[in-house]
Amino acid sequence: MPELPPAFGFLASAHTGGGGLPAPVFATRGRHTRLDARLGGSPVEVDAVLVHPGADAAGAHACDGTTLVLFAGEIHNRDEIRAAADLPASASDAELVAGLFEKYAVHAFRIVNGRYAALLVTGSRVLAATDHAGSVPLYVRPEPGRVLVATEVKALAGAGAVVRGAPVPGARRVRGLTGLHQVPAGAVLDVRTDTGAVTVHRTWAPPSHRLLMPEDEAVARVRTALERAVVRRLPAVGRPLVVLSGGIDSSAVAALASGALASGIDTLSMGTDTSDEFPQARVVAAHLGSAHREVTIASADLLSLLPHTVHACESTDPEVVEYLLPLTALYRRMGGPPRRVLTGYGADIPLGGMHREDRLPNLDTAVAHDMDTFDGLNEMSPVLSTAAGHWSTHPYWDRDVLELLTSLEAGLKRRHGRDKWVLRAAMTELLPAETVNRPKLGVHEGSGTTASFSALVRRAGAAEEEVAAFKARVVQALFDRTVVGGVHPDEVDIEEIVAKAVAEGRG
């Protein structure tokens, strides 16, 4: 696995007449490479811009004259795909997708396990695909004669008026931008360039069945699946960086990464002047012998990054923005060269870690709901890190790990009075007892983010019972200003936004 993928994102226009690309606006930091292609036997022309970290975007696109593939992100089951499609070891991820498509057509995307967004153009068809979790968001604006596709909404915000936006069944509309839709997680939007008509092909869905198995078997399967996911994400050369809070989720990733590499790992923790988890993270870092660093950010500086967080993740959910704000701050403060960063983010969703529920039917109801509603929230968006030039990856949302954790029956998740029991049991031999037994604390809680955001809204005059509603108004205003309106986050005064949101909410 290279340190960074060949491309972080793209903007593309597939058209049969006029109408090229809007300005390539990305929060993602990187070089831009322009591509122009006319496919043989097809009236379709493709104009594209790839945003990439290296000197060129080689490996992020492939074209055989009749089919073009653009690929942002990375594939994790490369070896299996190469064997199935009979492709050489040197084949890039874009070439792997092209080879799979030649053999399996649209079903190729049911085979790929990765963190990616892909565009495939062949004949009069434009296929826009996301990975199983939609972890690299992808947006489409289909019109008769032109299909616009981008990995960031803001890249399409300046595309001009829609001639006639075609309906896209099952796809989420984007706030404030007519005719623009987000590709659902685990789906391919199959668009006809002549009519703009869209067919949705589902390639993955969260498992709804549940598995009963002995404790020992469940523990072994979780350990094996997570270890494999971590190893698949390690760089071929150099030391990986693991974001470490000292909780069981990130500590498990750090322990498995450390055990797989003789060279060791680097770990990094973030806190604020009001709250941190530094003592807990130090215990794990000392146990693993990692090269550990701590970053402290003033609460006022953290809150000033709210516009940057919304601009990067393009979410209007205030709780999601709270979760992601400390990560945005951490990536921006890392410094040094671009890094591959592993996180423990996302384990709570399939394991029900945030619910603290002893009644198993209720816990499983919560897990099922969370797995059915994560789509479109952009919690896993790499733009949070690529905006600072880094690539983040989340082993708990590897397709195989996610399927296993979700399908385990609730009694393996809440057992012996402990949340996320099966994960804690799987890590007992690798981590200190105090880490294995430490109660759950969310990143937004451990960093003081929730309390600081709430205090900001209260200072603007919100009563306690109004705080949640006004937070939602603040986040929506930030989305409208930075994503839809194109205002750079540096030019947004968060205090002004909050005051206006509170005043308008009462008016």
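We number each residue from 1, following the sequence as shown.
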For the side chain of [X] and the backbone of [Y], is there at least one donor-acceptor N/O pair under 3.5 Å apart?
X    : Y    : value
S315 : L377 : yes
T151 : F10  : yes
T267 : V242 : no
W397 : G346 : yes
R29  : A388 : yes
T406 : E403 : no
S258 : A254 : no
D375 : G186 : no
K103 : A108 : no
E3   : G238 : no

task: Show your reasoning for whether side chain to side chain donor-acceptor pair (under 3.5 Å) applies to S250 and S245.
output: CA-CA 6 Å; S250 62; S245 69; 3.2 Å; yes

Student check: side-chain heavy atoms of [X] and [Y] closer than 4.5 Å:
X    : Y    : result
F109 : V97  : yes
R221 : V422 : no
R78  : D93  : yes
V475 : D317 : no
L241 : M334 : yes
M213 : E409 : no
R141 : R146 : yes
D398 : N113 : yes

task: Report yes or no: do S381 and E314 form a side-chain donor-acceptor pair below 3.5 Å?
output: no

- request: Go through the steps for R233 and T393 under the test side chain to side chain donor-acceptor pair (under 3.5 Å), then give the verdict.
  value: CA-CA 7 Å; R233 286 161 173 78; T393 182; 3.0 Å; yes

R424 and D419: CA distance, side-chain angles, deciding distance, salt bridge (Lys or Arg N to Asp or Glu O under 4.0 Å) verdict: CA-CA 9 Å; R424 296 180 187 277; D419 65 281; 3.1 Å; yes

Candidates R293, R340, R239 - the one meeting salt bridge (charged side-chain N to carboxylate O under 4.0 Å, His left out) with D266: R239

query: Between D56 and R31, is there a salt bridge with N-O shorter than 4.0 Å?
result: no

- request: Supply the atom-to-atom distance E277 CD to M270 CE, rounded to the nearest 0.5 angstrom.
  value: 9.5 Å

task: Mind checking the CD1-CG spacing from I349 to D370? Nearest 0.5 Å is all I need.
output: 6.5 Å

field: Ring centres under 6.0 angstrom apart (H32, F26)
entry: yes

Counting heavy atoms not belonging to [X], are there more than 12 under 6.0 Å from its [atom1]?
X    : atom1 : value
D36  : CG    : yes
H488 : NE2   : yes
E102 : CD    : no

Return the minimal non-hydrogen interatomic distance between [X] and [Y], and the atom names on each side.
X    : Y    : answer
N77  : I111 : ND2-O, 2.9 Å
I297 : L302 : CG2-N, 3.9 Å
L11  : A150 : CD1-CB, 3.9 Å

